[in-house]
Protein chains: 2
Amino acid sequence: MAKRPTLTDVAAAAGVSRALASIVMRNAPGASDATRERVLAAASALGYRPDARARLLRSTRSHLLGVVFDVDGAFHTEIVEALYPAAAARGFDVILSARGPRRPEDEAVRSLLDLGSEALLVLAPDSPAEVLAGHPAPIISILQPQADPRLSSAATDEAAGIALAVGHLRELGHRRIAHVDGGSAVGSEARRAAYVRLMEDDGAAPLVLPGGPSETDGMAAARTLLALRTLRSPDALPTAVVVFNDDAALGFLHILGEAGIAVPKALSVVGYDDSRLAALAHVSLTSVRQDPDALAAAAVYAAAAALDGRRAHTLVPPSLTVRSSTAPPPVVDR
Amino acid sequence: MAKRPTLTDVAAAAGVSRALASIVMRNAPGASDATRERVLAAASALGYRPDARARLLRSTRSHLLGVVFDVDGAFHTEIVEALYPAAAARGFDVILSARGPRRPEDEAVRSLLDLGSEALLVLAPDSPAEVLAGHPAPIISILQPQADPRLSSAATDEAAGIALAVGHLRELGHRRIAHVDGGSAVGSEARRAAYVRLMEDDGAAPLVLPGGPSETDGMAAARTLLALRTLRSPDALPTAVVVFNDDAALGFLHILGEAGIAVPKALSVVGYDDSRLAALAHVSLTSVRQDPDALAAAAVYAAAAALDGRRAHTLVPPSLTVRSSTAPPPVVDR
DNA sequence: GGAACGTACTAGAACGATCTAGTCGAGATG
DNA sequence: CATCTCGACTAGATCGTTCTAGTACGTTCC
């Protein structure tokens with residue numbers, strides 16, 4: 001429990017001034033190679049580590065990115081991990097603050113600002129753009145594109161994701177493709193609109209089943225589809241469904257299983273997020289994959305740009321992970 | 001982008017000295033009610049928030065708890081969220097640092113120490129006790145009990161958890177209960193030992209199938225069990241299985257399903273962690289529940305105790321969430 | 001050979017708060 | 001009435017670093 005060595009200790013040990021030791025530790029120009037070596041040797045001999053508090057307090061730039069993420073968002077944590085290397089590549093450090101049912105976004109944001117964050121990366125912010133733009137540091141919205149010109153964003157290209165899903169199904173031969181939407185969840189509107197547009201461009205009738213982001217929402221949507229079966233003729237029923245996300249897709253699959261509808265033989269299902277759930281052998285769901293590394297890199301880029309006074313709005317292209325919940329449509333009475 | 005107001009600004013606006021304004025902001029004794037009110041009014045009028053960097057640098061106590069957690073550990077994030085209120089209740093603030101495949105524990109720990117954490121809470125530490133004890137702040141190991149007297153810990157009572165699972169199965173009428181262990185994962189040894197002991201106390205033969213913490217480990221264990229069926233007579237085969245965790249249990253269930261073994265009719269399965277997976281309608285796994293709130297409270301208590309020079313080792317009792325993967329054993333040839 | 005320049009280095013202020021050691025005045029005590 | 005105590009308040013040092021404004025000295029240039 002000995003007290004931490006300070007820069008003064010290092011300077012004394014190396015026989016130089018504090019200021020020069022500081023120059024060496026920051027790897028700043030203004031020291032000869034010989035002293036540089038001597039100071040570094042003294043530092044490591046003493047086990048010196050710069051005190052982040054003093055450093056943050058004094059320096060003009062903190063090089064700190066504050067990140068707000070959801071504790072229960074599985075995909076959020078993937079992005080968080082990708083952010084560490086992405087930030088380091090541009091000379092930033094990362095501090096985290098969790099948001100959750102018992103910790104409001106506002107509190108998370110403020111604690112990061114109090115520590116001197118230069119910019120804030122907020123995953124799927126739930127505060128309105130108005131509030132976000134009011135903070136004294138630039139905000140980068142991750143996963144949710146922002147129309148507000150005062151904000152930056154890095155998000156997945158939802159339209160491209162839906163296009164991948166629909167394209168894959170069409171290639172398999174599907175024509176009657178339905179969509180279970182995400183209700184009022186983040187991204188739902190963009191995905192639904194992209195779906196409707198793709199259908200109309202193809203001259204097909206869109207069929208949107210109201211859903212939501214959770215397993216139970218998916219279950220409800222499946223029950224709606226089952227009810228439709230008693231009303232429509234078989235060749236007016238969808239042979240494939242694109243569901244808002246993996247959680248909802250799982251609920252959807254569950255009800256289908258109970259009703260004895262074989263997936264993918266009778267009906268193909270595509271999810272969205274390519275979460276851990278989708279990859280389970282038990283589930284094996286074809287799903288649209290958002291790229292956490294690309295999102296992280298785009299977000300850090302946007303932060304750097306924002307600090308230069310420029311706004312960036314990046315859309316990251318998703319990919320499709322094909323598993324065993326999709327297959328050609330059944331050949332029926334034709 | 002106006003500069004943040006400082007304590008000096010507040011003091012000037014309220015017509016008092018900086019020191020007195022500080023006393024008021026800290027809610028420390030030494031100010032009259034009248035000035036207290038005046039200073040607080042000035043502070044909120046200016047939108048003043050204390051600068052965490054300066055505060056951390058100067059004050060003798062930082063009241064900061066550093067938390068290291070796994071980005072991919074679903075249960076970890078539940079504890080993280082519970083830690084915020086638990087810490088606040090004892091006057092602590094929380095800062096997070098993620099550990100992951102691309103961010104080693106050591107780096108996470110150091111960044112927290114550099115910011116002045118008074119104690120570190122590490123979820124399921126993977127460094128040896130030796131290394132952990134070498135840090136200049138007390139370490140509280142969460143989820144992994146520690147024998148080392150220099151460390152504190154807050155963990156689930158694994159023996160009690162296994163006893164709950166086995167007890168539940170015995171009440172249902174099971175006598176031949178197997179265990180799929182967790183290989184070298186955290187907690188595996190304790191759970192396996194508890195299982196073996198419970199079996200022996202009952203005069204039953206323990207059957208431990210080698211497993212691990214992942215879905216594929218569970219799948220492998222299930223195949224081992226299936227192979228056993230061809231070697232043993234039916235009344236020497238287990239009628240119930242307690243699996244190391246939910247992930248492995250899911251893989252186990254998957255292979256069982258493929259082999260046409262009905263759960264819970266032919267075989268009962270109990271998981272461990274009561275994770276999101278277990279709660280899925282599609283899975284509905286009976287599982288041992290660890291209590292995140294109790295763990296968080298115990299960890300913060302241990303941190304406070306450690307700062308007083310006392311070590312605490314708390315075991316939190318788990319509970320059992322009964323779902324539909326367990327039922328009475330099949331009545332067979334007896 | 002003196003001005004101009006560049007490199008290596010240093011003294012001391014500054015960041016924004018808290019802490020220490022006081023001052024001041026009013027009321028209590030003997 | 002002098003002394004003591006106590007609450008309200010303040011000046012100035014301090015935390016560990018970075019920043020500003022220099023000094024010292026060797027080299028180059030006309």
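Chain naming here is simple, since letters A, B, ... match the order of the sequence lines and numbering starts at 1 in each.
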Novice: If a protein heavy atom is under 4.0 Å from the base, mark B; if only from the sugar-phosphate, S; if neither, -; do that for nucleotides 23-28 of chain C going 5' to 3'.
Specialist: ------
Novice: Starting the side chain at C-beta, find the nucleotide from D:dC9, C:dA8, C:dA17 nearest to A:Ser32.
Specialist: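 The closest nucleotide is C:dA8.
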Novice: So if I take every side-chain heavy atom of A:Tyr48 and compare against C:dT10, D:dT17, C:dT18, which nucleotide ends up nearest?
Specialist: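 The answer is D:dT17, which lies nearest to the side chain.
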Novice: DNA chain C: B:Ala21 or A:Ile23, which has the more 5' nearest nucleotide?
Specialist: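 In this pair, the answer is A:Ile23.
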Novice: Distance check needed: D:dT18 C1' versus A:Asp51 CG, whole Å only.
Specialist: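 Between C1' of D:dT18 and CG of A:Asp51: 13 Å.
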Novice: Heavy atoms from C-beta onward define the side chain here; which of D:dC9, C:dT10, D:dT18 lies closest to that of A:Ser22?
Specialist: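 Output: D:dT18.
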Novice: Go through the side-chain N and O atoms of B:Thr6 and B:Arg18 and say whether any donor and acceptor fall under 3.5 Å apart.
Specialist: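 Judged by distance alone, the side chains do not pair up.
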Novice: Any side-chain N or O of A:Thr8 less than 4.0 Å from the OP1 or OP2 oxygen of D:dT17?
Specialist: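 It does not, given that no N or O in the side chain of A:Thr8 lies less than 4.0 Å from OP1 or OP2 of D:dT17.
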Novice: Verify the contact: side-chain N or O of B:Ser59 to OP1 or OP2 of D:dC15, cut-off strictly under 4.0 Å; return yes or no.
Specialist: no
Novice: Can you tell me how far P of C:dA8 sits from CZ of A:Arg38, to the nearest Å?
Specialist: 13 Å
Novice: For A:Leu57 and C:dA17, give me the distance from atom CG to atom P, rounded to whole Å.
Specialist: 9 Å
Novice: Taking OP1 and OP2 of C:dT18, is either one under 4.0 Å from a side-chain nitrogen or oxygen of B:Thr60?
Specialist: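 For B:Thr60, the contact criterion (side-chain N or O under 4.0 Å from OP1 or OP2 of C:dT18) is not met.
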Novice: How close or far is atom P of C:dT18 from atom CZ of B:Arg26, stated in whole angstroms?
Specialist: 5 Å
Novice: Given that B:Asp33 and A:Arg53 both sit by DNA chain D, which one's nearest nucleotide is further toward the 5' end?
Specialist: B:Asp33
Novice: Check the distance between C:dC15's C1' and A:Leu56's CG and give it to me in whole angstrom.
Specialist: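 Taking CG of A:Leu56 and C1' of C:dC15, I get 11 Å after rounding.
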Novice: For nucleotides 11-13 of chain D, print each protein N/O atom paired with a nucleotide N/O atom at under 3.5 Å, atom names and distance only.
Specialist:
| unit_1 | atom_1 | unit_2 | atom_2 | d |
| --- | --- | --- | --- | --- |
| D:dA13 | N6 | B:Arg18 | NH2 | 3.4 |

Novice: Measure up the B:Phe69 and A:Phe69 rings against each other and bin them: parallel (under 30°), tilted (30 to 60°), perpendicular (over 60°).
Specialist: parallel
